[in-house]
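So the structure is just underneath, and the comments pick up after that.
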Amino acid sequence: MIEFDGVSKWYGAVRVLRNISAKVEKGETIVLCGPSGSGKSTLARTVNRLEPIQEGTIKIDGTDIHAKSMNVNALRTGIGFVFQQFNLFPHLSVVDNVMLPLQRIRQQSRKEALPTALLMLERVGLADKANALPADISGGQSQRVAIARSLILKPQVLILDEPTSALDPEMVGEVLKLLRELSSEGITMMCVTHEMGFAREVSDRIWFLRNGELTFEAKPDLFFSSNTHPDVRGFLSSIH
Ligand SMILES: Nc1ncnc2c1ncn2[C@@H]1O[C@H](COP(=O)(O)OP(=O)(O)O)[C@@H](O)[C@H]1O
Ligand SMILES: [Mg+2]
C-alpha cells in the first residue's frame, strides 16, 4: 500500500531522513517510534507531501506520490492526517468542523453534508456534541472530532502524529480505544506515538527511528522481547 524506497531528506545541510526503505501493507497498523528529533514527524509528513524529499521514492498503490505530475490535492484527499494539536476551527460547531472537507473538496452544501457528518460523529461516539463549539468539549473529545474529520472523505490511509501527546492522561484512553477500533476495521494506519501499550496490543509492526534512520522494524512480540535491538532497549527504558 505504501512503499518507501531509499528515502532521504535534508533541511539545508542537515540530513533528517537517511535512506529509508520499508513497506506498509494494506490494512496494516504501523507504529512509528523513536527519540525526539529522530525524524518521525518528518517521515509521516512525507506521505501526503507536506514535506518534500530529495532522494528515493514513496509509492502509494504503486503511484509515485512525489512525482511532479502527481495531483497533490487528489493525493491528500485519500489520506487522513491527524496532528497532536487538533486544529479544529473554534468558531465552527463540532459537526461543521467534521463536514468541512465535504463542503470544500466535494463541493457539497451544508444540507447535503450534514447526514454524513452526523453519522461520522456517531461513529466516534460524539453524536450528542454535534452542535457544541470546540471550546466546550474536552481534549479527548476534540481529538475524536479531528479523527472524524480526517475520515469523512473515506481515506484509504490514516496518518497520525502523536495523537494523544497533547491530552491530559485521563483522556488518552478514549482516543486509543477509537484508534484500536479503526485499526480492527482494516484502515491502513501509520501512527507516531510513545504509547507503547497501544503499540504492543494494536500495531502489526513497529518501526524504530533513530537519527533519521529506520534502525529496527519488528512485530510487537520481537520488538518488546529481550532479543530486540539494543537501541530499542535503551529507548524503552528511557520512556518508562
Ligand atoms: N522545518 C524544519 N527546519 C529545519 N529542521 C527541522 C525542521 N523540522 C524538523 N527539523 C529537524 O529535523 C529533525 C527531525 O525532526 P522531526 O521529524 O520533527 O522529529 P520527531 O518527530 O521524531 O521528533 C530534527 O533534528 C529537527 O530539528
Ligand atoms: Mg514529531
Side-chain angles (χ1 to χ4, degrees), residues 2-24 28-58 60 65-66 72 75-76 79-88 139-140 142-143 146-147 150 157-169 171-172 175-176 179 188-200 202-203 205-218 220 223-224 228-240:
I2 313 174
E3 195 173 351
F4 300 87
D5 188 11
V7 172
S8 290
K9 174 178 180 67
W10 285 258
Y11 283 117
V14 183
R15 193 174 186 184
V16 294
L17 295 178
R18 297 169 187 266
N19 198 25
I20 290 184
S21 296
K23 281 184 193 172
V24 183
E28 264 192 324
T29 293
I30 299 291
V31 159
L32 263 171
C33 66
S36 177
S38 58
K40 304 179 298 294
S41 295
T42 305
L43 184 64
R45 291 162 63 91
T46 62
V47 180
N48 65 354
R49 272 182 68 166
L50 285 171
E51 297 287 355
I53 58 175
Q54 281 80 41
E55 270 180 15
T57 55
I58 302 173
I60 296 185
I65 61 160
H66 283 263
V72 180
L75 168 72
R76 290 186 184 153
I79 302 174
F81 209 106
V82 174
F83 300 89
Q84 184 174 334
Q85 302 300 339
F86 332 116
N87 300 328
L88 299 179
S142 295
Q143 190 59 296
I147 292 169
S150 78
V157 176
L158 183 60
I159 313 271
L160 307 105
D161 191 359
E162 302 206 27
T164 60
S165 296
L167 300 177
D168 291 332
M171 291 167 189
V172 170
V175 172
L176 294 182
L179 296 182
T188 306
M189 199 186 294
M190 283 180 74
C191 183
V192 178
T193 184
H194 297 292
E195 294 290 338
M196 290 298 113
F198 176 80
R200 188 195 288 264
V202 180
S203 76
R205 283 180 301 136
I206 304 168
W207 296 4
F208 180 77
L209 270 92
R210 195 178 145 266
N211 204 6
E213 212 173 323
L214 184 59
T215 52
F216 191 58
E217 186 205 325
F223 191 88
F224 292 104
T228 194
H229 193 288
D231 290 349
V232 172
R233 206 171 302 137
F235 170 74
L236 291 176
S237 61
S238 77
I239 62 169
H240 282 141

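Heavy atoms only: backbone and side chains are in, while hydrogens, waters and symmetry mates are out. We count ligands from 1, going down the list as the structure has it; atoms in each ligand are counted the same way.
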Quiz prompt | Nearest heavy-atom neighbours spanning Arg18 and Asn211 | solution = NE-O, 2.9 Å
Quiz item: Asn19 and Ser8: side-chain donor and acceptor closer than 3.5 Å?
Solution: no
Quiz item: What part of Thr42, side chain, backbone, both or neither, has a heavy atom within less than 4.0 angstrom of ligand 1?
Solution: both
Exercise. Could you check atom 19 (O) of ligand 1 against the protein and tell me its nearest heavy-atom contact, residue, atom and distance included?
Key: Gly39 N, 3.2 Å
Quiz item: Hey, would you say the Trp207 and Phe4 ring centroids sit under 6.0 Å apart?
Solution: yes
Quiz item: Of the protein's non-hydrogen atoms, which lies at the shortest distance from atom 24 (C) of ligand 1, and what is that distance?
Solution: Gly37 O, 3.6 Å
Practice problem: Could you name the option among Cys33, Gly212, Ser41 that has the heavy atom nearest to atom 21 (O) of ligand 1? | Solution: Ser41
Quiz prompt | Any N, O or S atom of Ser41 closer than 2.8 Å to the Mg ion (ligand 2) | solution = yes
Self-check item: Closest approach of any protein heavy atom to atom 13 (C) of ligand 1, naming residue and atom
Solution: Val16 CG1, 3.5 Å
Practice problem: Ignoring hydrogens, tell whether any protein atom lies closer than 4.0 Å to atom 26 (C) of ligand 1; use the non-hydrogen atoms only. | Solution: no
Practice problem: With rounding to the nearest 0.5 Å, note down the distance linking SG in Cys33 to CZ in Phe198. | Solution: 12.5 Å
Quiz prompt | Distance from atom 4 (C) of ligand 1 to nearest protein heavy atom, with residue and atom | solution = Tyr11 CG, 3.4 Å
